[in-house]
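Single-structure report; data block below.
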Amino acid sequence: MAIGAEKNTAIKRVLRFYEALGVERVPLSIDDGTGALRAVRAEMGDCTRCKLHKGRTNIVFGEGNPSARLMFIGEGPGKDEDAKGRPFVGEAGQLLDKLINRMGLGRGDVYIANIVKCRPPGNRDPEDDEVDSCMAFLKQQIEAVRPEIIMTLGRIAAHMLLETKVPITKLRGKFQRYGDILVMPTFHPAYLLRNPKDKMLVWADAQEVLHKLGLEVK
Ligand code: SF4
């Protein structure tokens, strides 16, 4: 079953239940995450909450299935992402696409976001004050999408989301928790471009995720 389809099936089941009861109007609002994500984006506006706004071309909010079962989180936009306003669209993004496709999924099945939404100058790591300013938006995105599993990409994303300093080499490949959501820390695709031999480790992590989601490992 395609990712996100289970949630849609559950919603349809609820609607049929009300229909069987003769209810013409469902007394609750069912949002697949789209409305909540729009509200987060609206709250962000033309954000100037941290100094990263000064050098950005575009805010890179995030994109994908608003009710995705799987969410990817990176650290922040690079040059290509800043230019296009979309996450993971450069060379590293193409590698992420390959991973997603190898998992039997497409970009439209998952949700992709970053810790900070504006490009740090020269692709430096985001600084603590910048993460502190932006993190609330990511938390709201997670709350809106409600994924079953998050794959963090690279050291910064894992450290910031999990609030730990444990080296990524130790975190990688072992499920962690963000509230009731499972988190699989793995390497960043940009790292894999420099260290292609470690692609097998990331694929092993992805297979663990597929297994947890009950999806077929191809
Ligand atoms: Fe606002 Fe986040 Fe951009 Fe900073 S990085 S300006 S908090 S959207």
Side-chain angles (χ1 to χ4, degrees), residues 31-68 70-97 100 107-108 110-147 149-165 168 171 176 178-179 181 183-191 193:
D31 179 20
D32 66 356
T34 306
L37 285 169
R38 277 207 196 110
V40 181
R41 184 63 190 87
E43 188 192 329
M44 185 182 287
D46 192 19
C47 186
T48 56
R49 290 168 179 83
C50 84
K51 59 187 179 295
L52 289 181
H53 82 276
K54 292 179 193 161
R56 76 169 176 239
T57 309
N58 288 298
I59 288 178
V60 181
F61 179 69
E63 66 182 32
N65 184 338
S67 56
L70 175 60
M71 186 166 178
F72 289 91
I73 297 177
E75 65 188 64
K79 188 164 170 268
D80 295 316
E81 290 75 18
D82 176 61
K84 293 187 178 158
R86 297 183 56 212
F88 284 93
V89 289
E91 209 182 340
Q94 286 164 21
L95 196 52
L96 178 62
D97 284 344
I100 293 169
R107 270 201 177 224
V110 302
Y111 195 85
I112 306 174
N114 282 304
I115 299 281
V116 292
K117 315 301 189 198
C118 303
R119 183 192 180 201
N123 290 348
R124 66 159 168 74
D125 293 347
E127 293 172 355
D128 287 348
D129 59 317
E130 296 157 357
V131 173
D132 288 348
S133 300
C134 212
M135 197 66 182
F137 295 123
L138 178 66
K139 288 182 174 173
Q140 288 174 60
Q141 284 174 298
I142 295 170
E143 192 54 41
V145 177
R146 296 296 304 154
I149 300 183
I150 293 171
M151 283 187 87
T152 54
L153 303 168
R155 171 180 58 91
I156 301 279
H159 282 183
M160 296 306 170
L161 188 72
L162 299 170
E163 297 184 5
T164 179
K165 294 281 183 207
I168 183 65
L171 286 173
Q176 313 287 321
Y178 173 80
I181 300 171
V183 178
M184 172 58 85
T186 196
F187 291 135
H188 196 284
Y191 165 85
L193 290 173

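These numbers come from a predicted model, not from an experiment. When a ligand or atom number is given, it counts from 1 through the structure's own listing order.
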Determine whether the side chains of Asn65 and Ser67 contain a donor N or O and an acceptor N or O closer than 3.5 Å. yes
In terms of side-chain geometry, is the basic nitrogen of [X] or [Y] positioned less than 4.0 Å from the acidic oxygen of its partner?
| X | Y | result |
| --- | --- | --- |
| Glu81 | Lys84 | no |
| Arg86 | Glu63 | yes |
| Arg49 | Asp132 | no |

Counting only heavy atoms closer than 4.0 Å, does ligand 1 sit against the backbone of Arg56, its side chain, both, or neither? side chain
Go through the steps to decide whether Ile149 and Ile181 satisfy the test side chain to side chain contact (heavy atoms under 4.5 Å, CB included), and finish with yes or no. CA-CA 6 Å; Ile149 300 183; Ile181 300 171; 5.6 Å; no
Cut-off under 2.8 Å, centre atom 2 (Fe) of ligand 1, protein N/O/S atoms: Cys134 SG
Within the distance-only criterion (no hydrogens, no angle test), does the side chain of Gln94 pair as donor or acceptor with the backbone N or O of Glu91 below 3.5 angstrom? no
